[in-house]
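Everything below concerns the one structure shown next.
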Amino acid sequence: MTGMARTAHRYRTLATQIAATIRAGALRGGHRLPSVRHLSRERGISVTTTLAAYRELEASGLVEARARSGYFVCRNHAEAPVPRAPRLNPRAPVARLSVSPGIEALMVSMRDSTVLPLGAATIDAALLPARSLNRLMATLARESAAAGATYGPPQGVATLRQQLANRSLTWGTAIPADGFVVTVGAMEALNLALRAVTRPGDLIALESPTYFGVLQVAEGLGLRVIEIPCASGDGLDLDHLAQVLRAQPVRACVASPNFHNPTGSCMSNESKERLVRLLARHDLPLVEDDLYGDLAFDGTRPSCAQAFDRHGRVLLCGSVSKTLAPGYRVGWVAAGRYQARVEQLKFSHTIANATLPQMAVAEFLSTGRYDRHLRSLRATFAVQVQRMREAVTACFPEGTRISQPQGAFFLWIELPPALDTMALQQAALRARIAVAPGPLFSASGRFGNFLRLSCGLPWSARVSAGIARLGELIDAQLARARPRRR
Ligand SMILES: Cc1ncc(COP(=O)(O)O)c(C=O)c1O
């Protein structure tokens with residue numbers, strides 16, 4: 001990066017972080033921002049860089065300069081509204097679980113490098129420390145020749161579990177090394193956790209929308225599901241969940257309180273505590289998917305719901321797939337009172353994870369490198385999400401609603417009701433663009449006019465052109481739909 005490019009990157013990053021904080025409602029209209037000098041000192045950046053960030057925020061209508069007083073958050077900054085949560089009847093009979101055929105199209109597009117990958121939640125390889133990890137693994141392979149010649153411990157390599165125990169202090173909790181089982185990504189963690197607490201035919205409550213992998217796991221285990229609305233701001237609708245728990249024989253709940261996929265919502269600590277207490281009153285386990293918790297744009301790691309659990313009813317699942325290395329397939333579950341059962345299931349499912357990737361991840365976590373890497377990844381995602389948001393606002397039709405995530409790297413977009421995003425997925429694929437249509441994220445095919453876009457790629461002319469092309473495809477579909485409705 002040249003000096004100029006570095007400065008531009010720095011001020012954009014700062015502007016994006018402040019914009020994200022304002023949009024999250026953490027800085028209200030009329031709030032005075034820190035003085036340029038103060039912020040420069042605090043951030044260790046030049047006054048020119050800070051000033052450039054404030055000017056960019058001013059140009060985007062988020063802050064205003066007042067003569068001799070400094071910069072203030074504008075009272076009425078214009079914003080695209082956020083998508084709405086579905087209305088659901090807590091007393092309605094449970095729908096048949098449908099896993100969308102759109103997932104297959106998504107998988108096909110993942111294998112084709114000529115397709116612009118805005119569908120799957122994948123990250124550009126250049127943003128991940130693949131080289132460092134591979135070097136670490138090569139060294140470890142030389143030094144520990146036996147690593148591949150024997151099975152590793154079914155519970156996972158001890159050094160990795162110790163590192164996870166250390167990291168758990170940053171999640172607002174303190175899980176001992178023995179409290180973890182290492183899994184093949186978060187996907188196996190979800191699978192084992194749900195198997196540990198349910199039997200085929202049981203009913204589980206999950207967010208609507210939800211990560212489609214959870215639906216696939218539920219289908220594989222023969223579970224029935226009931227959907228609970230999940231809104232862009234504070235996530236799961238707890239009043240609705242409370243009504244469902246009174247009306248239906250739910251056996252477990254699955255939720256992703258931190259930077260939920262796809263809405264990006266992040267529950268407050270109060271809501272997490274309420275969720276855990278509500279489930280405890282019904283003696284129900286919570287399978288918590290905390291895959292994106294380390295990716296808060298402002299660097300403040302939200303606590304996981306497990307931090308509020310006093311009775312071991314939360315099974316906390318995670319992995320390094322969205323921060324370090326999806327190809328290493330290193331995940332974990334900390335299963336509380338269900339730990340022994342999960343250990344048995346892990347042994348019968350895959351015996352143990354591959355040893356060397358676990359050792360390399362443990363080594364990486366044991367240095368300060370992980371935190372340094374996270375700082376830069378979070379700042380990059382904040383910029384990419386913001387750029388994508390701006391492009392969608394500019395290119396998509398009136399009436400579009402866009403999520404305002406404060407972490408992770410995707411946007412959840414509500415389009416005009418006439419739009420069919422399953423058809424859009426096919427049209428976009430023909431134009432070599434992959435998108436994830438809304439019905440993928442629902443057990444009952446809801447969200448027909450919703451779309452998830454991944455912002456895992458660095459912003460580029462190709463991505464920008466892709467969003468513009470999607471806007472055209474949407475317009476064309478809407479134009480075709482209009483005469484039919486007359
Ligand atoms: C919310 C959520 N949970 C779990 C997974 C699966 O993670 P892994 O790749 O670690 O198996 C994903 C992948 O995108 C996800 O978004």
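Start at 1 and go down the list; that is how both ligands and their atoms are numbered. Computed from heavy atoms alone, side chains included, the values below leave out hydrogens, waters and symmetry copies. In this chain, numbering begins with 1 at the start of the sequence shown.
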Practice item. Could you label the plane-to-plane angle of the Y370 and H373 rings as parallel, tilted or perpendicular, counting under 30° as parallel and over 60° as perpendicular? Key: tilted
With nothing but distance in play, are any N or O atoms of [X] less than 3.5 Å from an N or O of ligand 1?
X	answer
A186	yes
L190	no
Y292	yes

Do me a favour and list the nearest non-hydrogen protein atom to [atom] with residue, atom name and distance?
atom	answer
atom 3 (N) of ligand 1	D289 OD2, 2.5 Å
atom 6 (C) of ligand 1	Y211 OH, 3.6 Å
atom 15 (C) of ligand 1	L291 CD2, 3.3 Å

Ignoring hydrogens and geometry beyond distance, is a side-chain donor-acceptor pair present between [X] and [Y] at under 3.5 Å?
X	Y	answer
S442	E227	yes
R432	T114	yes
D234	S271	yes

Practice item. Take every heavy atom of K322, measure it against each atom of ligand 1, and state whether any distance is under 4.0 Å. Key: yes
Review point. So, does E188 sit close enough to ligand 1 that a heavy atom of it is under 4.0 Å from the ligand?
Key: no
Practice item. Go through the steps for R337 and H311 under the test side-chain contact (heavy atoms from CB on, under 4.5 Å), then give the verdict. Key: CA-CA 8 Å; R337 60 163 76 172; H311 308 285; 3.7 Å; yes
Check your understanding: Which ligand 1 atoms are under 4.0 Å away from a heavy-atom of R329?
Key -> 8 (P), 9 (O), 10 (O), 11 (O)
Practice item. May I ask you to list the atoms of ligand 1 that are less than 4.0 angstrom from any heavy atom of G185? Key: 10 (O), 11 (O)
Check your understanding: Given W412, which of L451, T263, I402 fulfils the side-chain contact (heavy atoms from CB on, under 4.5 Å) condition?
Key -> T263
Review point. Of all residues at least two apart in sequence or in a different chain, which pass the salt bridge (charged side-chain N to carboxylate O under 4.0 Å, His left out) check with D124?
Key: none
Check your understanding: Can you name the residues that form a side chain to side chain donor-acceptor pair (under 3.5 Å) with E273, not counting sequence neighbours?
Key -> none
Check your understanding: Heavy-atom contacts under 4.0 Å between S319 and ligand 1: side chain, backbone, both, or neither?
Key -> side chain
